[in-house]
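Counting starts at 1 for both ligands and their atoms, in listed order.
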Amino acid sequence: MADLNTEVRYLKGIGEKKAQALNKLGVFSLRDLVSFFPRRYEDRSVCKPIALTVEGESVCVEAMVADTPRLTRIRRGLDLVKLRAVDDSGALDLTFFNQPYAKDNLRRGETYVFYGKIETNGARRGMVNPVYERAEGPRAVTGRILPVYRTAAGLNQRSMLAAMRQGLDACLEQLPDVLPHDVRERCRLAQTAYAYENIHFPADYTALELARRRLIFEELFVLACALGRMRGERTREQGVRMQPRDMSPFWAALPFSPTGAQRRAVEQALEDMNSGSVMNRLVQGDVGSGKTLVAAALIWHCAQNGRMSAFMAPTEILAEQHYNTLTSLLGPLGLRIGKLTGSMGAKEKREVKAALAAGELDLIIGTHALFSQDVAYERLALAVTDEQHRFGVGQRSALIGKGQRPHVLVMSATPIPRTLALIIYGDLDVSVIDELPPGRQKVDTFAVDESYRERLNGFIRKLVAEGRQVFVVCPMVEENEDLPVPLKNAQEHAEELARAFPDLRVACIHGRMKAKDKDAVMAAMVAGEIDILVATTVIEVGVDVPNAALMIVENAERFGLSQLHQLRGRVGRGQHKSWCILVSDNDGEENRARLNIMTKTNDGFKIAEEDLRLRGPGDFFGSRQHGLPEMHVADLGADVNVLQKAQQEANLLLASDPELSLPAHAPLRESVERMLQAGRDGFN
Ligand code: ADP
Ligand code: MG
């Protein structure tokens with residue numbers, strides 16, 4: 001008897017070759033097979049009268065063969081069978097290439113269902129190589145909604161269909177119900193067997209919808225349970241328990257009053273750190289929302305508890321910047337602050353490391369140098385990482401591995417729609433800073449095309465004359481990329497600008513430069529020694545150049561909205577009125593709509609939502625930003641409502657059975673474990 005673990009090659013008609021093709025698709029067992037869902041469906045459920053069919057449509061018609069099929073041999077290796085079929089409304093010319101047997105299969109006077117693409121020739125309609133079967137009797141490939149699968153070399157749709165039918169017949173009844181009974185009832189979801197049968201061979205569209213709904217829910221529910229369990233395991237970890245302290249000296253020392261959102265984020269994190277469990281919190285806030293302040297408050301709190309903090313930035317220049325900010329904020333409050341970056345001299349490094357090991361510092365700020373092997377920490381209780389997507393997961397945990405498990409605060413400026421943040425950072429608690437400091441200027445944004453080039457150059461000149469600096473961002477170009485229209489290349493564009501502005505200081509920074517050289521250029525920009533900096537997206541991360549007042553993005557059509565928003569956030573950080581100009585010669589409707597959104601709103605979350613809506617989750621979650629396991633049916637962007645519902649149910653369930661150890665939850669636990677296994681590289 002076949003069961004879910006039976007290998008596919010034991011199916012009838014699946015030999016060595018086809019089994020290998022299936023393996024290539026990730027299908028090894030019958031369980032894999034029935035979980036291999038169709039890519040799309042062909043509607044062969046209704047027959048149209050011939051007269052109502054239109055050029056180019058794929059359609060079924062029921063028609064009688066009106067003459068005797070004629071076989072012609074055009075030349076060696078090219079046979080042609082031609083015939084005519086009619087229904088009450090009209091006639092159809094049928095042509096079969098290299099299917100001589102069609103001549104005998106199709107009999108004059110008999111009625112068949114033909115499925116194919118309509119081609120017209122004047123008033124005549126025809127089909128080439130249609131699929132057909134007799135209208136009377138059992139129908140396999142017409143009269144139904146037919147699934148279409150992804151296939152691999154050596155495996156066609158017909159074999160796939162046959163294998164699937166066998167697979168379902170063999171193990172449909174053995175599929176365990178992953179969803180607890182009451183969840184399924186409450187959410188009105190179809191049963192497992194029904195769902196699997198109808199996702200493959202839908203009885204009709206309603207059945208297909210019910211099947212999809214159930215399977216999407218199931219997938220998201222398992223995902224939510226998996227993430228919930230990871231979070232559960234982490235929060236049960238012991239953390240350094242801190243004592244509450246009066247925060248007012250810290251607040252009083254600030255040059256401004258914190259926003260409500262900043263206060264809330266600080267309070268949430270303090271609660272974590274005082275709880276005795278270890279903190280794993282993400283602070284998510286738009287560029288310029290003041291995330292650094294949240295970190296500063298926690299660092300101060302740690303110091304009041306006699307503990308030290310480490311603050312990790314993705315680049316030297318950012319580390320430098322944070323060092324300056326935090327030193328001017330926390331230095332006067334008596335904190336002892338050190339810096340550790342790769343470019344520091346050996347002697348300097350040695351001194352800082354000694355101070356660290358001796359517990360003489362309250363805060364260390366640095367780059368990945370912070371977690372090199374030879375750095376030892378004394379009393380480390382808080383690890384802050386900025387702009388998390390720049391760090392590899394391994395790096396983050398290297399710091400976590402230092403000494404006793406410290407509390408972790410991750411700061412990210414990649415706005416993600418709230419609902420999705422819950423899932424993507426499912427193993428972290430999330431604080432959202434959804435409020436900008438008061439008096440923040442809006443960056444005026446315009447979308448223009450090449451015809452504005454002259455005026456744009458005039459604008460650059462005017463602003464630089466006023467003492468401002470300019471960023472110009474060009475897209476990253478893959479070397480082997482074939483493009484209809486050449487893209488602006490950062491280096492070439494910089495040369496062009498240098499020719500256009502011979503008296504200005506133009507520099508270029510791009511990804512192929514060494515980190516040290518990049519940092520040197522950025523430092524020169526910060527110091528005001530560059531007027532126009534042409535860059536690839538390396539400047540995306542939060543470097544502060546308050547004097548920069550203009551951001552120009554070339555080939556703006558090449559950037560995602562969230563990315564454009566990040567880039568725009570590089571200006572408008574000082575007291576100067578700032579602008580962002582998006583240059584694109586692509587006047588496709590979709591591109592115009594996208595760029596328009598940028599000109600209308602400065603709200604990163606709104607933009608992220610639009611981005612997600614327009615691009616779909618596949619693109620939105622560039623591999624850099626998320627590491628979720630691949631979803632088979634669910635669409636993380638489109639199925640947000642289901643996602644929320646699934647998450648609610650998962651939380652409810654985990655509250656009563658955190659380990660999923662009840663016998664009734666065994667199938668769920670297995671699925672969760674399989675997903676965790678599959679997502680091991682993906683999950684943080
Ligand atoms: P980001 O969230 O992008 O890291 P920063 O922490 O760099 O933002 O803060 C951006 C700027 O806003 C900094 O110059 C900071 O001093 C300032 N800032 C932060 N919080 C406030 C506040 N509550 N009121 C006024 N200015 C603030
Ligand atoms: Mg920042």
Any idea which part of [X] is under 4.0 Å from ligand 1, heavy-atom wise: side chain, backbone, both or neither?
| X | result |
| --- | --- |
| Met411 | neither |
| Pro258 | backbone |
| Asp286 | backbone |

Heavy-atom contacts with [X] under 4.0 Å: which atoms of ligand 1 show up? List them by number with element.
| X | value |
| --- | --- |
| Arg573 | 3 (O), 7 (O) |
| Thr259 | 23 (N) |
| Thr292 | 4 (O), 5 (P), 6 (O), 7 (O) |
| Ser257 | 22 (C), 23 (N), 24 (N) |

(request) Give yes if a backbone or side-chain nitrogen or oxygen of Phe256 is under 3.5 Å from a nitrogen or oxygen of ligand 1, and no if not. (result)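 Not met; the criterion fails.
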(request) Answer yes or no: does an N/O atom from Pro437 fall short of 3.5 Å to an N/O atom of ligand 1? (result)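 It does not: no N or O of Pro437 is found under 3.5 Å from an N or O of ligand 1.
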(message) Check for me whether Pro255 has a heavy atom closer than 4.0 Å to any atom of ligand 1.
(response) no
(request) Answer yes if the side chains of Asn274 and Arg241 hold a donor-acceptor pair under 3.5 Å, and no otherwise. (result)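 Asn274 vs Arg241: no donor-acceptor pair found between side chains.
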(request) With rounding to the nearest 0.5 Å, note down the distance linking CG in Leu382 to CG in Leu298. (result)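 Rounded to the nearest 0.5 Å, the CG-CG separation comes out at 6.0 Å.
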(message) Just so I know, are the side chains of Gln304 and Asp246 near enough to count as touching, which here means a heavy-atom distance under 4.5 Å?
(response)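 Not touching, per the 4.5 Å side-chain cut-off.
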(message) In the structure I gave you, are the side-chain heavy atoms of Thr292 and Leu329 within less than 4.5 Å of one another anywhere?
(response) no
(request) Write down the atom of Met525, the atom of Gln469, and the distance for their closest heavy-atom approach. (result)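 Between these two residues, the closest heavy atoms are O-NE2, 2.8 Å.
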(request) Determine, stepwise, if the pair Arg264 / Asp434 fulfils salt bridge (charged side-chain N to carboxylate O under 4.0 Å, His left out). (result) CA-CA 11 Å; Arg264 267 195 305 282; Asp434 49 6; 3.6 Å; yes
(request) Determine the sole option in Leu550, Val470, Val464 for which the side-chain contact (heavy atoms from CB on, under 4.5 Å) test with Phe459 is passed. (result) Leu550
